[in-house]
Structure formats: structure tokens, C-alpha cells
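Working notes, beginning with the structure itself.
Lettering of chains follows the sequences in order, A, B, ..., and the numbering in each one begins at 1. The shown structure was predicted, so the numbers you read here are calculated from the model rather than taken from an experiment.
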Amino acid sequence: QKEVEQNSGPLSVPEGAIASLNCTYSDRGSQSFFWYRQYSGKSPELIMFIYSNGDKEDGRFTAQLNKASQYVSLLIRDSQPSDSATYLCAVIRESSASKIIFGSGTRLSIRP
Amino acid sequence: DAGVIQSPRHEVTEMGQEVTLRCKPISGHDYLFWYRQTMMRGLELLIYFNNNVPIDDSGMPEDRFSAKMPNASFSTLKIQPSEPRDSAVYFCASSFGTAYQPQHFGDGTRLSIL
């Protein structure tokens with residue numbers, strides 16, 4: 001079992017709809033959770049981070065964390081073609097502080 | 001503000017040659033990370049430094065890989081001798097305060113070993 005699991009996709013969503021990206025992690029002691037966006041041929045770019053259970057909203061993006069279920073998700077409202085990218089979930093385990101583990105990413109495609 | 005700066009952007013070399021990748025973190029950041037990204041293995045943390053000191057190098061694949069950070073504004077990742085399986089995109093990232101803080105990535109070095 002991978003430490004951080006994501007569906008590789010591609011996830012195809014119509015423009016204007018809500019895109020929902022999911023991530024599960026195996027280390028119950030994990031403390032910090034990040035979502036990075038990576039366009040093809042580019043470097044990862046941080047879009048959201050969340051430390052506490054519940055929801056965190058930033059513009060069209062909402063991160064949701066459920067530590068009991070070891071689940072973190074990213075919702076993108078009013079999806080735009082420019083949101084088409086690979087989204088990487090990343091987790092920092094408390095057991096080895098500072099070591100960030102990335103999921104393999106979910107490829108999102110927004111169709112016009 | 002200048003971001004994380006990596007050089008070179010592209011490197012093509014023959015197997016057996018020494019390869020040196022360079023990174024300048026964001027000024028004031030005290031954590032520096034080296035990653036490797038391939039289609040097969042995704043984004044892997046190789047090593048990270050705090051205040052120029054290597055903290056965790058458990059991700060370094062083998063002794064052919066070495067990394068140094070002689071001062072707060074410069075780090076190198078060296079591969080000697082290089083092999084075709086080292087072909088990947090290598091990213092450097094930095095963060096401030098604690099490693100729990102978000103990381104800022106450089107543009108990466110695309111390395112091809114023939």
C-alpha cells in the first residue's frame with residue numbers, strides 16, 4: 001500500500017462544473033496536507049494547504065480534511081480549462097517530521 | 001521576488017559522466033529539498049537540508065548521488081558516474097521556518113543520460 005494514494009485519472013469534468021479530487025494516506029499521525037498543481041512540463045505549484053479537520057476555502061478551491069478517515073480532498077468550483085493539470089496530494093508524517101510524501105497525482109481535464 | 005533558481009534547465013550527457021545540478025533557494029528560506037520526478041515513480045524526495053545541514057538523505061538512491069549545501073544560498077546535487085536510469089526531472093524546493101510550511105519549487109532540471 002502506498003503511503004499517499006490518488007486516482008491517476010484522467011478525470012474529465014465539463015467547464016463550469018465542480019471537480020472533486022481525492023487522496024488517502026496511511027499514516028494516522030500525519031499532520032500537514034498540501035495540494036500542488038502541476039502543468040505539463042512545469043514545476044509543482046502550491047494551491048492549498050490544510051492542517052485541521054474540516055474545510056478550508058480559497059477562492060474557487062476548497063480543501064477538506066477528515067483525519068479519522070485519513071482522507072483529504074480538493075474541490076474546484078466553476079472549473080475552467082486553465083484548471084486542466086495534474087494535482088498532487090502531499091502529506092507530512094509526524095513520525096518522520098519534515099519528510100513530505102507525494103501522491104502520484106490525478107490528471108484533471110476540463111472539457112469546454 | 002526571485003523564486004528558487006535551478007541550473008541548468010536541461011542537461012544531456014553520456015553515461016559515466018559526472019553531472020552537477022545547482023540550486024539557489026529563496027532568500028531567507030532555511031529548508032532546502034531535492035526531488036526527482038519520473039513517470040514511473042512520481043515525485044520522490046531525495047534529501048533535504050535545514051540551515052545548510054543535511055537532515056534526511058534516506059531518499060538518495062545510491063552512493064553515486066551526493067548533495068551539498070556550502071552556504072544558505074547555494075546547493076548542489078551531484079551524480080557520479082551517471083547512468084541512463086538517472087534520467088528524470090530534478091527539482092529543488094525551499095521553505096521557511098519549519099518543513100511543515102509550503103514548499104516553493106524551482107523550474108527543474110531535465111536530465112537525460114544517453
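- With hydrophobic clusters built from ILVMFWY side chains whose heavy atoms lie under 4.5 angstrom apart, A:Ile18 does not share a cluster with A:Leu21.
- At a 4.5 Å heavy-atom cutoff, A:Ile101 makes no contact with chain B through either its backbone or its side chain.
- Rounding to the nearest 0.5 Å gives a distance of 11.0 Å between CD1 of A:Ile100 and OH of B:Tyr48.
- Note that the CG atom of A:Leu46 and the CD atom of B:Gln103 stand 9.0 Å from one another [nearest 0.5 Å].
- When the side chains of ILVMFWY residues are joined at heavy-atom separations under 4.5 Å, either directly or via intervening members, A:Tyr87 and A:Ile50 end up in a single hydrophobic cluster.
- Proximity to chain A is limited to the side chain of B:Arg110, based on heavy atoms less than 4.5 angstrom apart.
- Taken from CE in B:Met40 to OG in A:Ser104, the straight-line distance is 11.5 Å, to the nearest 0.5 Å.
- Other residues, nucleotides and ligands contribute more than 12 heavy atoms inside 6.0 Å of the CZ atom of B:Arg64.
- The number of heavy atoms from other shown groups lying within 6.0 Å of CD (B:Glu14) does not exceed 12.
- Within a 6.0 Å radius of CG in B:Asp63, no more than 12 heavy atoms belonging to other residues, nucleotides or ligands are found.
- Contact annotation for B:Glu44: neither backbone nor side-chain heavy atoms come within less than 4.5 Å of a heavy atom of chain A.
- Within the 4.5 angstrom heavy-atom criterion, atoms from both the backbone and the side chain of B:Phe105 approach chain A.
- Side-chain atoms of A:Ser43 never come within 3.5 Å of backbone atoms of B:Gly108 as a donor-acceptor pair (strictly under, hydrogens ignored).
- At a threshold of 4.5 Å between side-chain heavy atoms, the hydrophobic network of Ile, Leu, Val, Met, Phe, Trp and Tyr places B:Trp34 and A:Phe102 in two separate groups.
- B:Leu32 and A:Ile92 fall into different hydrophobic clusters, where Ile, Leu, Val, Met, Phe, Trp and Tyr are joined by side-chain heavy atoms under 4.5 Å apart, directly or via other members.
- Closest approach of B:Phe91 and A:Lys42 over heavy atoms only: CZ-O, 3.9 Å.
- Of the atoms belonging to A:Glu45, not a single heavy atom falls under 4.5 Å from chain B.
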